[in-house]
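Data first, discussion second: the structure below is written as structure tokens.
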Number of protein chains: 2
Amino acid sequence: MEQNKIPQATAKRLPLYYRFLNNLNQQGKKRVSSKELSEAVKVDSATIRRDFSYFGALGKKGYGYNVEYLLGFFRSTLDHHEITEVALVGAGNLGTAFLKYSFMKNNNIRITKAFDADSNKVGTDIDGVPVYHIDELNEKLEGTRVAILTVPASEADVITEKLVNEGVNGILNFTPARITVPNHVRVHHIDLAVELQSLVYFLKHYPLDKE
Amino acid sequence: MEQNKIPQATAKRLPLYYRFLNNLNQQGKKRVSSKELSEAVKVDSATIRRDFSYFGALGKKGYGYNVEYLLGFFRSTLDHHEITEVALVGAGNLGTAFLKYSFMKNNNIRITKAFDADSNKVGTDIDGVPVYHIDELNEKLEGTRVAILTVPASEADVITEKLVNEGVNGILNFTPARITVPNHVRVHHIDLAVELQSLVYFLKHYPLDKE
DNA sequence: AATAATTTGTGAAAAATATCACGACATTTT
DNA sequence: AAAATGTCGTGATATTTTTCACAAATTATT
Ligand SMILES: NC(=O)c1ccc[n+]([C@@H]2O[C@H](COP(=O)([O-])OP(=O)(O)OC[C@H]3O[C@@H](n4cnc5c(N)ncnc54)[C@H](O)[C@@H]3O)[C@@H](O)[C@H]2O)c1
Ligand SMILES: NC(=O)c1ccc[n+]([C@@H]2O[C@H](COP(=O)([O-])OP(=O)(O)OC[C@H]3O[C@@H](n4cnc5c(N)ncnc54)[C@H](O)[C@@H]3O)[C@@H](O)[C@H]2O)c1
């Protein structure tokens with residue numbers, strides 16, 4: 001499984017770097033410095049250089065980085081040649097927004113199937129993605145290992161257990177419930193209410209520079 | 001502005017604690033230990049105790065924490081008595097999902113107005129929230145200082161500038177663009193594509209325990 | 001009343017992350 | 001060809017965050 005020496009903080013920034021490099025490449029830019037990149041992605045330039053350095057010497061002193069080369073490097077590092085299929089569970093307000101959004105642009109990830117319990121939704125297509133009944137997980141999951149969870153919080157634990165039983169080992173959880181999973185399953189929580197509240201908290205309690 | 005000695009990592013967890021304490025309280029629970037809380041929110045119990053300790057000695061040795069007391073404490077710390085109004089800009093797929101979601105439960109934050117450029121949307125109500133034209137920011141913002149940004153990435157910078165000019169100093173940015181703001185404005189980015197990609201990256205490169 | 005079991009709060013240590021600052025080298029300019 | 005400029009890669013340092021581990025206090029049990 002390669003050298004997992006790369007700090008987690010770095011790993012989280014990789015997709016961000018990748019996207020901006022892709023933008024630059026499409027704009028026809030040939031070279032970029034850590035300083036420029038820093039301004040674009042709002043990450044300190046020393047941090048960017050440090051991040052890149054975990055993968056070896058990718059740049060050239062006095063010049064910067066070759067966009068195309070760096071992009072190719074990240075493409076393979078982020079496994080952008082192979083496509084990862086993702087299932088979405090809970091095609092409600094939030095889930096539907098995700099289904100309608102094409103994550104695919106510059107991206108190797110595709111939501112290819114959705115599951116819901118509502119019979120009005122089951123059997124329909126949302127932007128080309130078929131919606132199956134949650135009881136069909138077993139037949140329709142077909143080896144998909146990653147799921148986006150957008151069901152009501154009260155259902156989160158039950159659905160999680162089902163998903164894990166069917167072999168899912170990665171869950172992006174949008175419900176406010178902190179779900180319990182076995183050790184071999186990784187969960188990332190995105191808690192929108194908490195994000196909003198903590199932003200407000202920071203505004204009130206952490207004064208910023210007066211410009 | 002009180003003692004901003006509280007670590008940022010702690011501040012980010014406060015709304016999470018608050019929500020779970022609220023749940024416990026509604027369930028009629030009178031006391032809770034850092035260990036129980038830890039299992040519920042998936043944060044190490046020592047971290048929880050440390051977090052709480054920044055606010056003084058809130059618990060009792062051998063007993064734990066009194067739910068009601070702790071809840072009251074957090075309510076005032078998180079300013080849960082006063083309501084913060086938030087504006088949403090870009091009532092598209094994602095924006096509409098937010099408008100339909102009641103953040104209000106257990107929460108002091110309310111999305112009270114939305115702005116869009118689409119004339120089909122302007123003038124309508126989405127779940128009771130009026131949608132105004134983006135050109136009406138000046139008249140309709142009425143002192144709102146926090147905004148959720150769910151416009152297309154290409155519009156992000158222009159809209160941000162407008163918002164900042166109108167006095168907004170906190171932005172929750174869902175666009176993939178890393179927006180540029182003056183020092184006195186705080187931006188939190190939620191980059192859903194990055195979250196999904198980094199989850200997939202971790203799954204491939206960071207082997208987990210085999211249970 | 002004595003003993004056992006809990007559980008906090010926190011010093012101290014460890015781990016993770018970010019930043020500084022500069023030598024080395026490449027490019028660009030004069 | 002020399003000088004000036006730009007930029008990386010990284011050792012060292014600083015900062016932030018997490019975790020360990022235990023005395024002290026409280027509660028529960030016998
Ligand atoms: N919408 C938001 O802005 C928002 C913000 C923060 C958090 N969330 C969280 O995201 C989750 C989804 O929110 P939403 O607004 O889309 O809710 P929603 O009610 O619109 O959608 C939930 C969907 O899950 C489906 N569902 C219910 N039980 C199910 C089951 N057992 N199996 C499969 N599907 C089932 C419902 O039919 C519905 O389509 C919730 O947990 C919510 O707390 C949403
Ligand atoms: N939908 C998702 O799942 C998802 C996921 C990740 C990121 N995002 C990002 O979130 C943002 C919104 O996504 P979406 O799917 O809701 O897009 P959308 O196109 O459905 O919504 C965008 C809305 O912004 C409005 N708009 C356009 N220009 C405007 C302007 N100048 N002023 C005010 N309003 C304007 C449009 O009328 C539309 O209603 C995008 O930046 C997208 O990249 C969305």
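Scope of the values below: all heavy atoms of this structure, side chains included, with no hydrogens, waters or symmetry mates. Quick note on labels: first sequence line is chain A, next is B, and so on, each numbered from 1.
Qualifying side-chain contact (heavy atoms from CB on, under 4.5 Å) partners for B:Gln8, counting only residues two or more places apart in sequence or in other chains: A:Phe202, A:Tyr206, B:Arg186. Listed by chain and residue number, A:Leu99, A:Ala114 satisfy the side-chain contact (heavy atoms from CB on, under 4.5 Å) test with A:Val129 (two or more places apart in sequence, or in another chain). In this structure B:Ser45 satisfies the side-chain contact (heavy atoms from CB on, under 4.5 Å) test together with B:Ser34, B:Ser38, B:Arg49, sequence neighbours excluded.
DNA chain D lies under 4.0 Å from at least one heavy atom of each of the following residues of residues 29-40 of chain B: B:Arg31.
Checking side-chain atoms of A:Asn108 against main-chain N and O of A:His81 turns up no donor-acceptor pair under 3.5 Å.
Backbone-only engagement by A:Tyr65 is indicated by non-hydrogen atom pairs under 4.0 Å involving sugar-phosphate atoms exclusively.
Remark: B:Arg31 is positioned above the aromatic ring of B:Tyr63, its terminal NZ or CZ atom under 6.0 angstrom from the ring centre and at most 45 degrees off the axis.
Classification of the A:Tyr17-A:Phe74 ring pair by plane angle, with boundaries at 30° and 60°, yields tilted. Using cut-offs of 30° and 60° for the angle between ring planes, the A:Phe98 and A:Phe174 rings count as tilted.
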Open item on the list: Between A:Tyr132 and A:Phe115, is the ring pair (Phe, Tyr, Trp, His ring centres under 6.0 Å) condition met? List the steps.
Closed with: CA-CA 5 Å; A:Tyr132 302 116; A:Phe115 296 90; 5.8 Å; yes
If you restrict it to nitrogen or oxygen atoms, what contacts under 3.5 Å exist between nucleotides 18-25 of chain C and the protein, and what is each distance?
| from | atom 1 | to | atom 2 | distance (Å) |
| --- | --- | --- | --- | --- |
| C:dA18 | OP1 | A:Arg13 | NH1 | 3.4 |
| C:dA18 | OP2 | A:Arg13 | NH1 | 3.1 |
| C:dA18 | OP2 | A:Arg13 | NH2 | 3.0 |
| C:dT19 | OP2 | A:Thr47 | OG1 | 3.4 |
| C:dT19 | O4 | A:Arg50 | NE | 3.4 |
| C:dT19 | O4 | A:Arg50 | NH2 | 2.9 |
| C:dA21 | N6 | A:Arg49 | NH2 | 3.3 |

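Defined by atom type and a distance below 3.5 Å, a donor-acceptor pair is present between the side-chain atoms of B:Gln197 and A:His80.
Sequence order on DNA chain D of the closest nucleotides to B:Gln8 and A:Gly64 puts A:Gly64 first from the 5' end.
Distances were taken from every side-chain heavy atom of A:Pro7 (C-beta onward) to each of C:dT17, C:dT27, D:dT10; the shortest belongs to C:dT17.
Rotation axes derived from the C1' atoms of the five outermost pairs at either end of the helix from C:dA1-D:dT30 to C:dT30-D:dA1 lie 10° apart, to the nearest 10°.
Exactly one residue among A:Val67, A:Leu70, A:Val32 makes a side chain to side chain contact (heavy atoms under 4.5 Å, CB included) with A:Asn25. That residue is A:Val67.
Within the 4.5 Å cutoff, side-chain heavy atoms of A:Lys204 are placed close to those of B:Thr84.
Between the CD1 atom of A:Ile48 and the P atom of D:dT10 there is a distance of 16 Å, rounded to whole Å. If you measure from atom CG of B:Asn66 to atom P of C:dT6, you get 21 Å, rounded to the nearest angstrom. Summarising the geometry, the separation between CZ on B:Phe55 and P on C:dT10 is reported as 14 Å, rounded to the nearest angstrom.
Contact annotation: B:Tyr63 side-chain N/O to D:dA24 OP1/OP2 distance is not under 4.0 Å.
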